[in-house]
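Read the structure below first, then the notes.
The first residue in the sequence is number 1, and the count goes up from there. This structure is a prediction, so every number in the text was calculated from the model and none was measured.
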Amino acid sequence: MTSMEHSESVLQSLNDVSLDELARRQQERNIYAGMEVDKPPSQNSPSLSNGGKEESPGPNNNSEGASRDQSSGQRQQYSADPAPQSRPAVKSTKNANRDTTTKGKYKLNDFQILRTLGTGSFGRVHLTRSIHNGRFYAMKTLKKERVVTMKQVEHTNDERRMLKLAQHPFIIRMWGTFQDCNNLFMIMDYIEGGELFSLLRKSQRFPTPVAKFYAAEVFLAIEYLHGLDIIYRDLKPENILLDKNGHIKLTDFGFAKEVSDVTYTLCGTPDYIAPEVVATKPYNKSVDWWSFGILIFEMLTGYTPFYDPTPMKTYENILNGTINYPDYLPPDILDLLQKFIVKDLTQRLGNLQDGSDGIKYHPWFKEVIWERLLARDIETPYEPPITSGVGDTSQFDRYPEDKDLDYGISGVEDPYRDMFIDF
Ligand SMILES: Nc1ncnc2c1ncn2[C@@H]1O[C@H](COP(=O)(O)OP(=O)(O)OP(=O)(O)O)[C@@H](O)[C@H]1O
(Lines give C-alpha, C1' and ligand atoms only; values in the text may rest on other atoms or scores of the structure.)
Protein backbone atom coordinates (compact mmCIF):
# COMPACT_ATOMS: atom_id res chain seq x y z
CA MET A 1 0.00 0.00 0.00
CA THR A 2 1.41 3.42 -0.88
CA SER A 3 1.39 6.26 1.55
CA MET A 4 -1.37 7.87 -0.45
CA GLU A 5 -3.48 4.75 -0.22
CA HIS A 6 -2.97 4.66 3.55
CA SER A 7 -4.25 8.20 3.80
CA GLU A 8 -7.23 7.34 1.66
CA SER A 9 -8.13 4.35 3.77
CA VAL A 10 -7.87 6.37 6.96
CA LEU A 11 -9.89 9.17 5.47
CA GLN A 12 -12.41 6.73 4.08
CA SER A 13 -13.00 5.25 7.50
CA LEU A 14 -13.25 8.77 8.92
CA ASN A 15 -15.95 9.60 6.42
CA ASP A 16 -17.84 6.46 7.33
CA VAL A 17 -18.30 7.59 10.91
CA SER A 18 -21.27 9.83 11.56
CA LEU A 19 -21.11 12.64 14.08
CA ASP A 20 -23.73 10.85 16.20
CA GLU A 21 -21.59 7.78 16.26
CA LEU A 22 -18.61 9.87 17.32
CA ALA A 23 -20.62 11.48 20.09
CA ARG A 24 -21.77 8.05 21.24
CA ARG A 25 -18.20 6.77 21.36
CA GLN A 26 -17.03 9.86 23.19
CA GLN A 27 -19.82 9.31 25.69
CA GLU A 28 -18.73 5.70 26.11
CA ARG A 29 -15.24 6.93 26.77
CA ASN A 30 -16.63 9.27 29.43
CA ILE A 31 -18.38 6.46 31.21
CA TYR A 32 -15.34 4.31 30.87
CA ALA A 33 -13.12 7.07 32.23
CA GLY A 34 -15.42 8.10 35.01
CA MET A 35 -15.11 4.99 37.13
CA GLU A 36 -13.65 4.93 40.56
CA VAL A 37 -9.99 5.46 39.93
CA ASP A 38 -9.64 8.56 41.99
CA LYS A 39 -9.07 6.38 45.02
CA PRO A 40 -6.03 4.18 45.30
CA PRO A 41 -6.94 0.51 45.19
CA SER A 42 -7.12 -0.94 48.67
CA GLN A 43 -3.96 -2.19 50.27
CA ASN A 44 -5.68 -5.57 50.60
CA SER A 45 -6.42 -5.93 46.95
CA PRO A 46 -4.61 -8.82 45.35
CA SER A 47 -2.98 -6.47 42.91
CA LEU A 48 -1.88 -3.63 45.08
CA SER A 49 -0.48 -4.84 48.32
CA ASN A 50 2.96 -4.19 49.64
CA GLY A 51 3.51 -0.53 48.89
CA GLY A 52 6.77 1.16 48.26
CA LYS A 53 7.88 4.64 47.60
CA GLU A 54 10.27 6.04 45.12
CA GLU A 55 10.29 9.77 45.44
CA SER A 56 11.84 11.60 48.30
CA PRO A 57 8.93 12.29 50.60
CA GLY A 58 8.64 16.01 50.09
CA PRO A 59 6.03 17.76 52.17
CA ASN A 60 3.34 17.32 49.57
CA ASN A 61 4.17 14.32 47.62
CA ASN A 62 2.83 11.35 49.50
CA SER A 63 0.23 10.83 46.85
CA GLU A 64 -2.76 8.92 47.97
CA GLY A 65 -4.08 8.98 44.47
CA ALA A 66 -4.81 11.53 41.87
CA SER A 67 -6.58 11.26 38.62
CA ARG A 68 -6.22 13.75 35.85
CA ASP A 69 -8.72 15.08 33.41
CA GLN A 70 -12.05 13.95 34.63
CA SER A 71 -13.92 16.39 32.44
CA SER A 72 -12.72 15.92 28.90
CA GLY A 73 -13.84 12.39 28.30
CA GLN A 74 -10.41 10.87 28.30
CA ARG A 75 -9.15 7.89 30.22
CA GLN A 76 -8.06 8.95 33.62
CA GLN A 77 -4.52 8.98 34.76
CA TYR A 78 -3.80 7.58 38.13
CA SER A 79 -0.98 8.26 40.51
CA ALA A 80 -0.46 6.88 43.95
CA ASP A 81 2.53 6.46 46.12
CA PRO A 82 1.56 3.49 48.22
CA ALA A 83 2.31 3.40 51.94
CA PRO A 84 5.81 4.68 52.54
CA GLN A 85 8.40 2.13 53.48
CA SER A 86 12.01 2.66 54.16
CA ARG A 87 13.77 2.13 50.90
CA PRO A 88 17.03 3.64 49.85
CA ALA A 89 16.56 6.85 47.91
CA VAL A 90 16.95 6.30 44.20
CA LYS A 91 19.61 8.56 42.78
CA SER A 92 19.12 9.93 39.29
CA THR A 93 22.26 11.56 38.12
CA LYS A 94 22.51 11.34 34.33
CA ASN A 95 21.09 14.80 33.65
CA ALA A 96 22.10 16.41 36.92
CA ASN A 97 24.44 18.86 35.25
CA ARG A 98 22.17 19.82 32.41
CA ASP A 99 20.72 23.26 32.60
CA THR A 100 16.94 23.10 32.84
CA THR A 101 16.38 26.73 33.70
CA THR A 102 14.73 28.93 31.13
CA LYS A 103 16.59 31.91 29.81
CA GLY A 104 14.69 35.13 30.17
CA LYS A 105 11.32 34.80 31.85
CA TYR A 106 8.06 35.03 30.02
CA LYS A 107 5.15 36.74 31.68
CA LEU A 108 1.43 36.53 31.19
CA ASN A 109 1.31 39.90 29.42
CA ASP A 110 3.52 38.51 26.67
CA PHE A 111 0.58 36.43 25.44
CA GLN A 112 -2.91 37.02 24.23
CA ILE A 113 -5.17 34.16 25.38
CA LEU A 114 -7.42 32.99 22.54
CA ARG A 115 -9.34 29.83 23.42
CA THR A 116 -9.21 26.60 25.39
CA LEU A 117 -7.68 23.60 23.64
CA GLY A 118 -8.06 21.06 26.42
CA THR A 119 -8.68 20.67 30.10
CA GLY A 120 -7.03 18.56 32.78
CA SER A 121 -7.47 18.01 36.47
CA PHE A 122 -5.17 20.90 37.29
CA GLY A 123 -6.21 23.54 34.80
CA ARG A 124 -6.52 24.27 31.11
CA VAL A 125 -4.43 24.38 27.98
CA HIS A 126 -5.05 27.61 26.06
CA LEU A 127 -4.19 28.65 22.55
CA THR A 128 -2.27 31.88 22.89
CA ARG A 129 -0.49 34.31 20.62
CA SER A 130 2.74 36.06 21.45
CA ILE A 131 2.32 39.82 21.36
CA HIS A 132 5.98 40.07 20.36
CA ASN A 133 6.41 37.70 17.43
CA GLY A 134 2.75 36.98 16.56
CA ARG A 135 3.34 33.22 16.84
CA PHE A 136 0.84 30.79 18.34
CA TYR A 137 1.70 28.81 21.45
CA ALA A 138 -0.12 26.40 23.74
CA MET A 139 -0.14 27.64 27.32
CA LYS A 140 -0.72 24.91 29.89
CA THR A 141 -1.93 26.22 33.23
CA LEU A 142 -2.03 24.35 36.52
CA LYS A 143 -3.73 25.59 39.65
CA LYS A 144 -1.17 25.43 42.44
CA GLU A 145 -3.78 24.67 45.07
CA ARG A 146 -5.08 21.70 43.08
CA VAL A 147 -1.58 20.40 42.42
CA VAL A 148 -0.87 20.56 46.14
CA THR A 149 -4.14 18.98 47.30
CA MET A 150 -3.74 16.19 44.78
CA LYS A 151 -0.20 15.68 46.03
CA GLN A 152 1.39 16.17 42.65
CA VAL A 153 4.01 18.78 43.55
CA GLU A 154 6.98 16.61 42.72
CA HIS A 155 5.38 15.21 39.55
CA THR A 156 4.66 18.77 38.40
CA ASN A 157 8.22 19.94 39.05
CA ASP A 158 9.42 16.81 37.25
CA GLU A 159 7.13 17.56 34.31
CA ARG A 160 8.74 20.98 33.89
CA ARG A 161 12.25 19.62 34.21
CA MET A 162 11.74 16.62 31.92
CA LEU A 163 10.07 18.76 29.26
CA LYS A 164 12.96 21.18 29.38
CA LEU A 165 15.48 18.37 29.06
CA ALA A 166 13.75 16.64 26.16
CA GLN A 167 14.43 18.14 22.75
CA HIS A 168 13.44 15.81 19.98
CA PRO A 169 11.49 16.06 16.69
CA PHE A 170 8.70 13.89 18.11
CA ILE A 171 8.42 15.50 21.53
CA ILE A 172 6.58 18.70 22.34
CA ARG A 173 8.91 21.67 22.75
CA MET A 174 8.53 23.73 25.88
CA TRP A 175 9.83 27.28 25.65
CA GLY A 176 9.48 28.50 29.18
CA THR A 177 7.49 28.61 32.38
CA PHE A 178 6.36 31.23 34.86
CA GLN A 179 3.95 31.54 37.74
CA ASP A 180 1.67 33.90 39.58
CA CYS A 181 0.18 33.56 43.05
CA ASN A 182 -2.38 30.97 42.01
CA ASN A 183 -1.14 29.28 38.86
CA LEU A 184 1.78 27.70 37.05
CA PHE A 185 2.18 28.35 33.32
CA MET A 186 4.06 26.37 30.68
CA ILE A 187 4.55 27.77 27.20
CA MET A 188 4.78 25.11 24.50
CA ASP A 189 4.60 24.91 20.74
CA TYR A 190 1.01 24.79 19.53
CA ILE A 191 0.37 21.52 17.70
CA GLU A 192 -2.53 22.04 15.31
CA GLY A 193 -3.50 18.51 14.30
CA GLY A 194 -5.23 17.39 17.50
CA GLU A 195 -4.85 14.12 19.36
CA LEU A 196 -4.08 10.74 17.80
CA PHE A 197 -6.83 9.55 20.13
CA SER A 198 -9.48 11.50 18.18
CA LEU A 199 -8.21 10.20 14.85
CA LEU A 200 -8.20 6.64 16.15
CA ARG A 201 -11.74 6.89 17.51
CA LYS A 202 -12.96 8.37 14.24
CA SER A 203 -11.18 5.68 12.22
CA GLN A 204 -12.13 2.88 14.62
CA ARG A 205 -8.84 1.16 13.89
CA PHE A 206 -5.84 1.94 11.76
CA PRO A 207 -4.66 -0.09 8.77
CA THR A 208 -1.36 -1.79 9.58
CA PRO A 209 0.91 0.70 7.70
CA VAL A 210 -0.73 3.63 9.47
CA ALA A 211 -0.34 2.03 12.91
CA LYS A 212 3.24 1.13 12.02
CA PHE A 213 4.07 4.71 11.03
CA TYR A 214 2.79 6.19 14.29
CA ALA A 215 4.33 3.35 16.32
CA ALA A 216 7.73 3.91 14.70
CA GLU A 217 7.70 7.66 15.47
CA VAL A 218 6.58 6.98 19.05
CA PHE A 219 9.35 4.39 19.34
CA LEU A 220 11.98 7.00 18.46
CA ALA A 221 10.61 9.39 21.07
CA ILE A 222 10.59 6.76 23.82
CA GLU A 223 14.02 5.42 22.84
CA TYR A 224 15.35 8.98 23.08
CA LEU A 225 13.81 9.54 26.51
CA HIS A 226 15.20 6.25 27.79
CA GLY A 227 18.62 7.37 26.55
CA LEU A 228 18.25 10.31 28.95
CA ASP A 229 17.16 7.91 31.72
CA ILE A 230 13.64 9.29 31.56
CA ILE A 231 10.69 6.92 31.95
CA TYR A 232 7.62 8.44 30.31
CA ARG A 233 4.99 6.35 32.15
CA ASP A 234 1.85 7.60 30.42
CA LEU A 235 1.91 6.39 26.85
CA LYS A 236 -1.57 6.41 25.29
CA PRO A 237 -3.17 7.94 22.17
CA GLU A 238 -4.49 10.91 24.17
CA ASN A 239 -0.92 12.05 24.80
CA ILE A 240 0.17 11.88 21.18
CA LEU A 241 -0.57 15.00 19.17
CA LEU A 242 -0.32 15.32 15.39
CA ASP A 243 1.38 18.33 13.88
CA LYS A 244 0.09 20.02 10.76
CA ASN A 245 1.96 17.57 8.54
CA GLY A 246 0.79 14.52 10.48
CA HIS A 247 3.97 13.77 12.44
CA ILE A 248 3.58 12.90 16.09
CA LYS A 249 4.47 14.99 19.14
CA LEU A 250 4.49 13.32 22.50
CA THR A 251 2.97 15.62 25.10
CA ASP A 252 1.95 15.58 28.79
CA PHE A 253 5.06 14.78 30.79
CA GLY A 254 3.04 14.78 34.03
CA PHE A 255 4.41 11.37 35.01
CA ALA A 256 7.80 11.48 33.29
CA LYS A 257 10.62 10.83 35.72
CA GLU A 258 14.36 10.59 35.57
CA VAL A 259 15.25 7.16 36.87
CA SER A 260 18.50 5.39 36.19
CA ASP A 261 17.55 2.15 37.89
CA VAL A 262 14.18 1.24 39.36
CA THR A 263 11.26 3.15 40.79
CA TYR A 264 8.02 2.34 42.62
CA THR A 265 5.23 4.90 42.20
CA LEU A 266 1.94 3.56 40.92
CA CYS A 267 0.92 5.88 38.13
CA GLY A 268 -0.37 5.82 34.59
CA THR A 269 -3.70 5.14 32.96
CA PRO A 270 -5.32 1.84 34.02
CA ASP A 271 -5.56 0.17 30.58
CA TYR A 272 -1.92 0.93 29.88
CA ILE A 273 -0.24 0.12 33.21
CA ALA A 274 2.29 -2.74 33.26
CA PRO A 275 1.68 -5.64 35.66
CA GLU A 276 4.80 -4.94 37.72
CA VAL A 277 3.45 -1.41 38.37
CA VAL A 278 0.02 -2.76 39.32
CA ALA A 279 1.71 -5.21 41.67
CA THR A 280 3.74 -2.34 43.20
CA LYS A 281 6.99 -4.09 42.44
CA PRO A 282 10.07 -2.04 41.61
CA TYR A 283 9.99 -1.31 37.92
CA ASN A 284 12.19 0.18 35.22
CA LYS A 285 11.98 1.73 31.74
CA SER A 286 10.47 -1.43 30.30
CA VAL A 287 7.05 -0.33 31.60
CA ASP A 288 7.04 2.04 28.63
CA TRP A 289 7.58 -0.90 26.25
CA TRP A 290 4.62 -2.72 27.80
CA SER A 291 2.49 0.41 27.21
CA PHE A 292 3.94 0.69 23.71
CA GLY A 293 2.60 -2.83 23.03
CA ILE A 294 -0.83 -1.80 24.35
CA LEU A 295 -0.72 1.30 22.14
CA ILE A 296 0.03 -0.76 19.01
CA PHE A 297 -2.71 -3.22 19.99
CA GLU A 298 -5.21 -0.36 20.41
CA MET A 299 -4.22 1.25 17.11
CA LEU A 300 -4.70 -2.04 15.27
CA THR A 301 -7.90 -3.20 16.96
CA GLY A 302 -9.60 -0.04 18.26
CA TYR A 303 -9.67 -1.28 21.86
CA THR A 304 -7.25 -2.09 24.65
CA PRO A 305 -6.65 -5.76 25.53
CA PHE A 306 -7.41 -5.60 29.27
CA TYR A 307 -10.33 -3.21 29.08
CA ASP A 308 -13.02 -3.36 31.71
CA PRO A 309 -15.34 -0.56 32.82
CA THR A 310 -14.05 -1.02 36.37
CA PRO A 311 -10.38 -0.14 36.84
CA MET A 312 -9.97 -2.78 39.56
CA LYS A 313 -11.09 -5.43 37.08
CA THR A 314 -8.76 -3.94 34.48
CA TYR A 315 -5.90 -4.39 36.97
CA GLU A 316 -6.96 -7.99 37.55
CA ASN A 317 -7.04 -8.61 33.82
CA ILE A 318 -3.54 -7.13 33.52
CA LEU A 319 -2.25 -9.40 36.24
CA ASN A 320 -3.96 -12.43 34.67
CA GLY A 321 -2.37 -11.46 31.40
CA THR A 322 -4.79 -13.35 29.16
CA ILE A 323 -5.31 -11.65 25.81
CA ASN A 324 -7.64 -12.70 23.04
CA TYR A 325 -5.85 -11.59 19.90
CA PRO A 326 -8.27 -11.05 17.03
CA ASP A 327 -7.83 -13.43 14.07
CA TYR A 328 -7.11 -10.62 11.63
CA LEU A 329 -3.76 -9.79 13.25
CA PRO A 330 -1.00 -11.31 11.09
CA PRO A 331 1.79 -13.43 12.63
CA ASP A 332 4.52 -10.75 12.65
CA ILE A 333 2.30 -8.36 14.65
CA LEU A 334 1.24 -11.15 16.98
CA ASP A 335 4.87 -11.99 17.58
CA LEU A 336 5.71 -8.35 18.34
CA LEU A 337 2.74 -7.80 20.66
CA GLN A 338 3.39 -11.02 22.54
CA LYS A 339 6.95 -9.85 23.13
CA PHE A 340 5.84 -6.48 24.51
CA ILE A 341 2.76 -7.49 26.47
CA VAL A 342 4.53 -10.12 28.51
CA LYS A 343 4.74 -10.16 32.29
CA ASP A 344 8.14 -11.79 32.44
CA LEU A 345 10.63 -8.92 32.27
CA THR A 346 13.38 -11.24 31.06
CA GLN A 347 11.25 -11.86 27.95
CA ARG A 348 10.06 -8.32 27.24
CA LEU A 349 11.34 -6.73 24.06
CA GLY A 350 13.27 -3.54 24.82
CA ASN A 351 14.41 -5.00 28.15
CA LEU A 352 16.65 -7.68 26.64
CA GLN A 353 20.36 -7.53 26.05
CA ASP A 354 20.02 -5.79 22.70
CA GLY A 355 17.89 -3.05 24.31
CA SER A 356 15.83 -0.95 21.92
CA ASP A 357 17.62 -2.46 18.89
CA GLY A 358 15.54 -5.58 19.51
CA ILE A 359 12.49 -3.47 18.68
CA LYS A 360 14.01 -1.57 15.79
CA TYR A 361 15.06 -4.73 14.01
CA HIS A 362 11.93 -6.75 14.70
CA PRO A 363 10.44 -8.07 11.41
CA TRP A 364 7.28 -5.95 11.86
CA PHE A 365 9.39 -2.81 11.49
CA LYS A 366 11.57 -4.19 8.70
CA GLU A 367 10.57 -1.64 6.05
CA VAL A 368 11.11 1.35 8.36
CA ILE A 369 14.11 3.47 7.39
CA TRP A 370 14.84 4.82 10.83
CA GLU A 371 17.22 7.64 9.83
CA ARG A 372 14.74 9.03 7.32
CA LEU A 373 11.91 8.69 9.80
CA LEU A 374 13.86 10.66 12.41
CA ALA A 375 14.57 13.33 9.81
CA ARG A 376 10.78 13.53 9.20
CA ASP A 377 11.54 12.56 5.66
CA ILE A 378 8.85 9.86 5.36
CA GLU A 379 5.46 10.86 4.01
CA THR A 380 2.84 10.83 6.75
CA PRO A 381 -0.24 8.63 6.30
CA TYR A 382 -2.68 11.39 7.20
CA GLU A 383 -2.51 15.14 7.05
CA PRO A 384 -4.86 16.89 9.44
CA PRO A 385 -7.31 19.04 7.47
CA ILE A 386 -5.95 22.40 8.57
CA THR A 387 -7.59 24.91 6.35
CA SER A 388 -7.14 28.29 7.95
CA GLY A 389 -3.36 28.14 8.31
CA VAL A 390 -1.36 28.64 11.48
CA GLY A 391 -3.52 28.99 14.56
CA ASP A 392 -6.27 26.80 13.05
CA THR A 393 -8.19 25.06 15.88
CA SER A 394 -10.62 22.97 13.85
CA GLN A 395 -9.08 19.72 15.14
CA PHE A 396 -9.89 20.53 18.76
CA ASP A 397 -13.20 20.18 20.57
CA ARG A 398 -14.82 23.32 21.89
CA TYR A 399 -14.62 23.79 25.65
CA PRO A 400 -16.75 26.28 27.56
CA GLU A 401 -14.48 29.19 28.35
CA ASP A 402 -13.92 30.19 31.96
CA LYS A 403 -14.94 33.83 32.29
CA ASP A 404 -13.32 34.18 35.73
CA LEU A 405 -9.74 33.18 35.11
CA ASP A 406 -7.66 34.16 38.12
CA TYR A 407 -4.48 34.61 36.08
CA GLY A 408 -1.89 37.29 36.68
CA ILE A 409 -2.50 37.99 40.36
CA SER A 410 0.69 38.80 42.17
CA GLY A 411 1.83 40.77 45.17
CA VAL A 412 -0.40 38.89 47.60
CA GLU A 413 0.69 36.15 49.95
CA ASP A 414 1.52 32.96 48.03
CA PRO A 415 1.49 29.97 50.41
CA TYR A 416 2.96 27.72 47.71
CA ARG A 417 5.89 29.91 46.74
CA ASP A 418 8.57 27.55 48.00
CA MET A 419 7.14 24.51 46.26
CA PHE A 420 7.62 25.60 42.66
CA ILE A 421 10.82 27.62 42.74
CA ASP A 422 11.94 26.45 39.28
CA PHE A 423 8.84 27.80 37.53
N1 LIG B 1 1.12 21.84 22.80
C2 LIG B 1 -0.16 21.59 22.58
N3 LIG B 1 -0.73 21.94 21.41
C4 LIG B 1 -2.05 21.68 21.20
N5 LIG B 1 -2.87 21.11 22.09
C6 LIG B 1 -2.36 20.74 23.27
C7 LIG B 1 -0.98 20.98 23.58
N8 LIG B 1 -0.75 20.50 24.82
C9 LIG B 1 -1.91 20.01 25.25
N10 LIG B 1 -2.90 20.16 24.33
C11 LIG B 1 -4.31 19.76 24.46
O12 LIG B 1 -4.71 19.88 25.80
C13 LIG B 1 -5.04 18.58 26.35
C14 LIG B 1 -4.60 18.51 27.80
O15 LIG B 1 -3.18 18.63 27.86
P16 LIG B 1 -2.30 17.79 28.83
O17 LIG B 1 -2.62 16.34 28.62
O18 LIG B 1 -0.89 18.19 28.74
O19 LIG B 1 -2.89 18.34 30.18
P20 LIG B 1 -3.16 17.62 31.53
O21 LIG B 1 -3.59 18.66 32.49
O22 LIG B 1 -1.98 16.82 31.89
O23 LIG B 1 -4.36 16.74 31.16
P24 LIG B 1 -4.66 15.30 31.66
O25 LIG B 1 -5.06 15.45 33.08
O26 LIG B 1 -5.75 14.87 30.73
O27 LIG B 1 -3.42 14.52 31.45
C28 LIG B 1 -4.32 17.60 25.43
O29 LIG B 1 -4.93 16.36 25.47
C30 LIG B 1 -4.43 18.29 24.08
O31 LIG B 1 -5.69 18.06 23.50
T301-R205 side chain donor-acceptor pair, cut-off 3.5 Å: no

Say you draw a straight line from CD of Q395 to CG of L199; how long is it, rounded to the nearest 0.5 Å? 9.0 Å

Does Q152 use its side chain to pair, donor to acceptor, with the backbone of M150 at less than 3.5 Å? yes

Do you know which two heavy atoms are closest between P275 and L319, and how far apart they sit? O-CD2, 3.7 Å

Is the shortest distance from a Lys or Arg side-chain nitrogen in R201 or E298 to a carboxylate oxygen in the other one below 4.0 Å? yes

From the options L242, L241, D243, select the one residue that forms a side chain to side chain contact (heavy atoms under 4.5 Å, CB included) with I248. L242

Centroid separation under 6.0 Å, is that true for the rings of F219 and H362? no

Side chains of D234 and T269: do they bring a donor and an acceptor to under 3.5 Å? yes

Evaluate I113 against L127 for side-chain contact (heavy atoms from CB on, under 4.5 Å), listing each step before the verdict. CA-CA 6 Å; I113 296 179; L127 175 65; over 6 Å; no

From Q179 CD over to T141 OG1, what is the distance, rounded to the nearest 0.5 angstrom? 13.5 Å

Minimum heavy-atom distance W289-G350, with the two atoms named: CD1-CA, 3.6 Å

Hey, could you give me the CG/OG distance between D288 and S356, rounded to the nearest 0.5 Å? 12.0 Å

With sequence neighbours left out, write down each residue that passes salt bridge (charged side-chain N to carboxylate O under 4.0 Å, His left out) with D335, or none if nothing qualifies. K339

Any heavy-atom pair between the side chains of V125 and T119 that's under 4.5 Å? no

Taking the ring centre of each residue, are Y303 and F297 less than 6.0 Å apart? yes

In Å and rounded to the nearest 0.5 Å, what is the OG1 to OH distance from T128 to Y137? 8.5 Å

Between T393 and R115, a side-chain donor and acceptor under 3.5 Å: yes

Over all heavy atoms of both residues, which pair between I296 and A215 is shortest? Give the atoms and the distance, please. CG1-CB, 3.9 Å

Less than 4.0 Å between a side-chain N and a carboxylate O, is that true for K313 and D308? no

Polar side-chain atom of N157 near backbone of M419 as donor-acceptor pair, under 3.5 Å: yes

Supply the atom-to-atom distance N317 CG to T322 OG1, rounded to the nearest 0.5 angstrom. 8.0 Å

For the side chain of R124 and the backbone of T116, is there at least one donor-acceptor N/O pair under 3.5 Å apart? no

E276 and R348 ion-paired at < 4.0 Å: yes

Regarding K285 and D229, does a basic nitrogen lie under 4.0 Å from an acidic carboxylate oxygen? yes

Not counting sequence neighbours, which residues clear salt bridge (charged side-chain N to carboxylate O under 4.0 Å, His left out) with E367? List them please. K212

Going by salt bridge (Lys or Arg N to Asp or Glu O under 4.0 Å), E258 matches just one of K164, R161, R233. Which one? R161

Between F292 and F340, is the ring centre distance below 6.0 Å? yes

Worked check of salt bridge (charged side-chain N to carboxylate O under 4.0 Å, His left out) between K257 and E154: CA-CA 10 Å; K257 171 121 198 117; E154 191 162 341; 3.6 Å; yes

Nearest non-hydrogen partners of T380 and E383, listed with the distance: OG1-CG, 3.9 Å

Quick check: do F122 and R146 have side-chain heavy atoms less than 4.5 Å from each other? yes

Centroid separation F255 to Y232 less than 6.0 Å: no

Short side-chain to backbone donor-acceptor contact, Y283 and T265, under 3.5 Å: yes

Taking the side chain as C-beta and beyond, is there a heavy-atom pair between L117 and Y190 under 4.5 Å? yes

May I ask you to check whether Y407 and F185 place their ring centers less than 6.0 Å from one another? yes

Run F213 and V210 through side-chain contact (heavy atoms from CB on, under 4.5 Å) and show every step you take. CA-CA 5 Å; F213 175 85; V210 176; 5.8 Å; no

Criterion side-chain contact (heavy atoms from CB on, under 4.5 Å) on I273 and W290, from CA distance to verdict: CA-CA 8 Å; I273 296 180; W290 169 282; over 6 Å; no

Decide yes or no for V287 and Y272: does some side-chain heavy atom of the first lie under 4.5 Å from some side-chain heavy atom of the second? no

Check F306 against T314 and note the closest heavy-atom contact, atom names and distance. O-CG2, 3.5 Å

Quick one: does F170's side chain get under 4.5 Å of H247's, heavy atoms only? yes

Can you check whether H168 reaches L225 side chain to side chain, under 4.5 Å on heavy atoms? no

Any side-chain heavy atom of D422 within less than 4.5 Å of one from F420? no

Starting at CG of L349, measure out to CG of L337 and round the result to the nearest 0.5 Å. 10.5 Å

What are the two closest heavy atoms between T263 and I231, and how far apart are they? CG2-CD1, 4.1 Å

I'd like to know whether M186 forms a side-chain contact (heavy atoms from CB on, under 4.5 Å) with L142, so could you lay out the CA-CA distance, the side-chain angles of the two residues, the decisive distance to 0.1 Å, and finally the verdict. CA-CA 9 Å; M186 295 187 202; L142 299 96; 3.9 Å; yes

Any residue meeting side-chain contact (heavy atoms from CB on, under 4.5 Å) with R173, in chain and number order, not counting sequence neighbours: Q167, W175, D189

Report yes or no: do N133 and S130 form a side-chain donor-acceptor pair below 3.5 Å? yes

Got a salt bridge between K360 and E223, using NZ or NE/NH1/NH2 to carboxylate O under 4.0 Å? yes

Ring centres of Y106 and F178 under 6.0 Å apart? no

Heavy-atom donor-acceptor pair, N284 side chain to V262 backbone, under 3.5 Å: no

Do the side chains of K140 and M188 get nearer than 4.5 Å, heavy atoms only? yes

Cut-off 3.5 Å, side chains only: do D392 and S394 have a donor facing an acceptor? yes

